[in-house]
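In what follows, a single structure is set out as structure tokens and then discussed.
Order of the sequence lines sets the chain letters (A, B, ...), proteins ahead of strands, with each chain counted from 1. These figures come from a predicted structure and were not determined experimentally.
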2 protein chains.
Amino acid sequence: MDRMRNFGFILKNLERLYTKRFEALAQELSLTLPQCKALFQLSRNEGISQKRLAELAEIEPMTLVRILDRMESDGWVERRPDPNDRRARTLYVTAGAKPVLEQIDKLSAQMRAEALAGLSGEQRNQLMGLLEHVYQNLLATKVNP
Amino acid sequence: MDRMRNFGFILKNLERLYTKRFEALAQELSLTLPQCKALFQLSRNEGISQKRLAELAEIEPMTLVRILDRMESDGWVERRPDPNDRRARTLYVTAGAKPVLEQIDKLSAQMRAEALAGLSGEQRNQLMGLLEHVYQNLLATKVNP
DNA sequence: CTACTATAATAACAATTGATACTATCTCAG
DNA sequence: CTGAGATAGTATCAATTGTTATTATAGTAG
């Protein structure tokens with residue numbers, strides 16, 4: 001039980017290392033991890049609103065605005081008016097984003113390979129299962145503090 | 001194998017939730033997680049230099065300077081000159097920091113209880129083992145990119 | 001001893017992020 | 001219909017963090 005003392009620390013350090021490594025690899029794309037996350041989620045949910053994308057990618061709406069500003073000016077993403085709600089925009093990825101998305105796919109595969117090296121399929125499953133469990137636990141504290 | 005797609009995302013989201021929750025709990029102490037980390041590590045390694053503490057707590061040296069500035073003015077930490085190296089300082093926690101350290105202990109115990117609820121002792125061990133493994137994998141990429 | 005390079009701590013500045021407020025539009029009670 | 005409150009998106013400003021430069025001191029080669 002005492003071994004768990006570092007649980008929080010290792011979690012944080014792990015995440016930091018993971019992000020740093022990812023961004024080192026993604027440098028040529030000049031993308032940060034949140035940007036990749038947004039583009040990735042958008043690519044499989046085209047037509048959603050910014051609010052929804054912010055939820056899916058778990059990014060602050062304000063941060064998402066800036067990410068989209070950039071990606072729109074880079075020609076990767078389109079903001080179209082929502083015919084049902086003139087406040088909202090619907091989001092689409094353009095054809096120009098395809099190569100970037102492929103790169104992101106490749107990158108995340110490489111990241112996983114590096115991070116999970118030496119773990120069996122069963123161990124990987126266990127790890128995901130455990131992380132998801134912890135994630136649910138923490139989500140619960142948000143609603144019920 | 002496809003389940004692992006979200007590995008990076010869940011890692012990041014988990015860490016964010018964990019940190020947010022921790023800081024929500026630590027609000028009364030008006031401490032952030034890095035600050036707690038620094039104080040905690042210092043408390044079990046008194047006499048070390050700032051450089052060393054930055055390594056132990058995995059904080060940027062510059063960030064640590066600011067953390068120490070604050071904790072020194074709050075009377076929790078002392079910077080004493082290093083007799084062997086006039087560039088360096090040696091760090092000590094004061095008696096005034098004791099109640100804070102106890103609070104930190106309590107908080108991190110509560111965090112662990114919340115985060116790990118519903119996991120058996122064996123599962124917790126597995127989780128730590130797997131996380132440490134992944135951590136080592138990522139550390140290796142830093143040295144050998 | 002002297003000059004060169006490295007290192008600990010910090011300062012000054014740049015970039016990023018988060019919090020708050022604002023505008024336009026929507027929804028709904030009356 | 002109308003007025004009150006909620007919501008989507010965004011601008012603005014404050015706070016945090018990371019980067020680069022600076023200062024003082026240490027180690028070391030000649």
Checklist entry - Given atom CG of A:L64 and atom P of D:dA11, what is their separation to the nearest angstrom? => result 13 Å
Item to check | Residues B:K51, B:E55: salt bridge by 4.0 Å N-O rule | outcome: yes
Checklist entry - Are B:L107 and B:M111 close enough that some pair of their side-chain heavy atoms sits under 4.5 Å apart? => result no
Checklist outcome for this item: Here the pair of heavy atoms bringing B:Q123 nearest to B:G118 is OE1-O, 4.0 Å
Next on the checklist: A side-chain contact here means heavy atoms from C-beta on lying under 4.5 Å apart; do A:E46 and A:V77 qualify?
Outcome noted: no
Item to check | Leading and trailing nucleotides of DNA chain C with any atom under 4.0 Å from heavy atoms of chain A | outcome: C:dT17 to C:dC26
Checklist entry - Counting only non-hydrogen atoms, which of residues 37-63 of chain B are less than 4.0 Å from DNA chain C? => result B:S49, B:Q50, B:K51, B:M62
Checklist entry - Within a strict 4.5 Å, meaning less than it, do heavy atoms of the B:R112 and B:R124 side chains meet? => result no
Checklist entry - Do the side chains of A:W76 and A:V93 get nearer than 4.5 Å, heavy atoms only? => result no
Checklist entry - Is there a residue in residues 74-92 of chain A whose heavy atoms reach under 4.0 Å of DNA chain C, and which residues are they? => result A:D85, A:R86, A:R87
Checklist entry - Under 4.5 Å between any side-chain heavy atoms of B:R66 and B:E60, yes or no? => result no
Next on the checklist: Within the 3.5 Å criterion, strictly below it, is a donor on A:Q136 or A:E132 matched to an acceptor on the partner's side chain?
Outcome noted: no
Next on the checklist: Looking only at side-chain N and O atoms, does B:T19 offer a donor or acceptor that is under 3.5 Å from a partner on B:E15?
Outcome noted: yes
Checklist entry - Is there side-chain contact between B:L119 and A:H133, with at least one heavy-atom pair below 4.5 Å? => result yes
